[in-house]
Amino acid sequence: MTSIPLPQGMEQNKISLLLGHPDPQTLLTPALRDTILRLMSSSQATSGLQYGPEQGTSELISFLVEKINREQGLLVRPENLMIVAGSTHAVDMIARLYAGAGSTMLVEGPTYADALHIFRDQQINLHSIPMDLDGLIPDELEKQVLRLREQGTSPGILYTIPNFHNPTGSTLTETRRREIIQLARRYNFLIVEDDVYRDLSFAGRLPASFYALAEGEGVLSICSFSKTLAPGLRLGWLLGSEEAIQRFVNCGTSQMGGGANPFASQIVATYCQSGAWNEHVSRVTALYKSRCDVALAALERWMPAGVSWTHPEGGFFIWVNLPQNIFARQVKQQAFEAGVQVAAGDGFFVNPADGQHNLRLAFSCASLEEIEAGIRILASVIADQ
């Protein structure tokens, strides 16, 4: 009998609190399976297997435009949205077309490790802005911009994860979002909001998006189906001005690629139009909330004095702060030997040394029992340092 391979980055006989993967049991639901089988048997299947429109499948664009306008009180048009092959595709296009080698970009400290990888691949000069429990600090952002301008450099982009931040789990307050928009206009930089966790809110209403607060001016917003449906579909969307979207549509990879995953887009459009996605998001959000609650309770129960952590209201992650005499790399290795996978904080910073006393815990892909046991083992490792 052939065994089912483990998800990327996970190891046999280990409790994984390492990666921000959706729970495998949530992926191929009966509704999604039925949609796939029905579409494969329809006359639409052939067109979905052909090259598609560079901007993406029109039915999916229409669904997303209606969703965004309804939920955020906006008046975006289909011309403001492009289907992308997951958020990674959007981040890479933005880095290539709006930054490029030798340019200067601002990021949060910490930030999404794989975005840093993409920016470094593009040879972009990166500068980080400190965060606190309320997210990126606007005063520190302005200080960094002024320092760079004194050195003869003007940053062109701020990359930010405002909701249920990866890796910290924090959510940027609306007051700070407004302040950051003012700074972007004053110093002429583009805001790129990576908002892939927006739909996974445990507490209800979120602050207005950067895109909504700025009325679409000077903001590109990235969202994805990877966290709320299935990452293997490789589907997301990019929201921006008509001019910006046309620039992405006209770029070489879009013109050569024939649209982002036309067949998967047909499946997801049909699935979403049936109402199944909204119901699914409600179910998985409740699931992840229960796991977050168990993780927070376990941290409170088991962690030794001097350790602190964030209290996310959505998403997949908790950020752990270790005492200054305890180093994350050592804890990570010893926890692995004891059967638990966690992420050390250094990979989430422009300057890795800034994260040497931090850990990221992902609660999305572990059972309640694994979360409790994993945190108990991790706490024991930390206590022994």
Side-chain angles (χ1 to χ4, degrees), residues 3-26 110 112-114 133 164-170 197 200 202 227 231 284 286-349 352-385:
S3 62
I4 298 173
L6 290 169
Q8 174 192 30
M10 296 177 67
E11 301 223 8
Q12 198 73 44
N13 302 319
K14 301 289 184 186
I15 296 173
S16 181
L17 305 177
L18 177 63
L19 298 172
H21 290 163
D23 184 324
Q25 300 300 318
T26 69
Y112 177 37
D114 289 339
L133 293 177
F164 320 130
H165 183 269
N166 181 4
T168 70
S170 65
Y197 301 98
L200 296 175
F202 305 156
K227 309 303 181 183
V284 296
L287 174 68
Y288 298 136
K289 181 181 186 304
S290 69
R291 293 181 178 180
C292 182
D293 289 344
V294 167
L296 292 173
L299 287 164
E300 190 69 41
R301 182 178 305 113
W302 298 113
M303 279 296 163
V307 179
S308 63
W309 52 88
T310 56
H311 291 73
E313 296 185 340
F316 286 177
F317 307 110
I318 297 170
W319 188 241
V320 176
N321 306 300
L322 301 173
Q324 291 300 297
N325 64 322
I326 298 178
F327 293 87
R329 277 282 161 188
Q330 187 171 348
V331 170
K332 175 185 175 178
Q333 180 58 37
Q334 292 181 9
F336 182 82
E337 292 168 359
V340 180
Q341 292 179 282
V342 297
D346 53 0
F348 300 98
F349 285 90
D354 292 342
Q356 63 185 336
H357 304 295
N358 297 106
L359 299 167
R360 189 193 71 176
L361 308 184
F363 50 78
S364 57
C365 202
S367 69
L368 300 181
E369 294 76 16
E370 288 173 329
I371 292 168
E372 175 76 25
I375 289 175
R376 178 176 52 80
I377 293 168
L378 178 64
S380 177
V381 168
I382 293 170
D384 288 342
Q385 299 300 301

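Between Val340 and the choices Leu361, Ile377, Leu18, the side-chain contact (heavy atoms from CB on, under 4.5 Å) rule is met once, by Ile377.
With rounding to the nearest 0.5 Å, the separation of CH2 in Trp302 from CG in Leu378 is 13.0 Å. Of the inter-residue distances, the one linking Gln330 atom CD with Leu322 atom CG reads 11.0 Å to the nearest 0.5 angstrom. Rounding to the nearest 0.5 Å places CD of Glu372 at 9.5 Å from CG of Leu299. If you take CD on Glu370 and CG on Leu368, they are separated by 9.5 Å, rounding to the nearest 0.5 Å.
Shown here is Glu337, whose CD atom has more than 12 heavy atoms of other residues, nucleotides or ligands within 6.0 Å. Residue-environment remark: CD (Gln385) exceeds the threshold of 12 foreign heavy atoms within 6.0 Å. The local environment of CD in Gln334 is crowded, with over 12 non-hydrogen atoms from other residues, nucleotides or ligands closer than 6.0 Å.
Using bins of under 30°, 30° to 60° and over 60° for the plane-to-plane angle, the ring pair Phe349/Trp319 lands in the tilted bin.
Between Asn358 and Asn321, the closest side-chain pair of non-hydrogen atoms falls below 4.5 Å. You'll find the side chain of Ile375 stays beyond 4.5 Å of the side chain of Arg301, heavy atoms only. Counting only heavy atoms from C-beta outward, the side chains of Leu19 and Cys365 never approach each other to under 4.5 Å. The side-chain heavy atoms of His311 and Leu133, taken from C-beta on, include no pair separated by under 4.5 Å. Counting heavy atoms from C-beta outward, Pro22 and Pro231 have side chains that approach closer than 4.5 Å.
Residues Ala344 and Arg329 come closest through the heavy atom pair CB-NE, 4.0 Å. What you find for Gly374 and Ile15 is that their closest heavy atoms are N-CD1, 3.8 Å. The two residues Ser170 and Thr168 have their closest heavy-atom pair at OG-OG1, 2.9 Å. Minimum heavy-atom separation, Ile382 to Leu359: CD1-CD1, 4.4 Å. Looking at every heavy atom in both residues, Trp309 comes nearest to Ile318 through CB-CG2, 3.9 Å. Scanning both residues, Phe363 and Pro312, for their nearest heavy atoms gives CE2-CG, 4.3 Å.
You'll find the ring centres of Phe316 and Phe164 outside the 6.0 Å limit.
Counting only distance, with no hydrogens or angles, the side chain of Tyr288 and the backbone of Asp23 share a donor-acceptor pair below 3.5 Å. A distance-only check finds a donor-acceptor pair linking the side chain of His357 to the backbone of Ile326 [under 3.5 Å].
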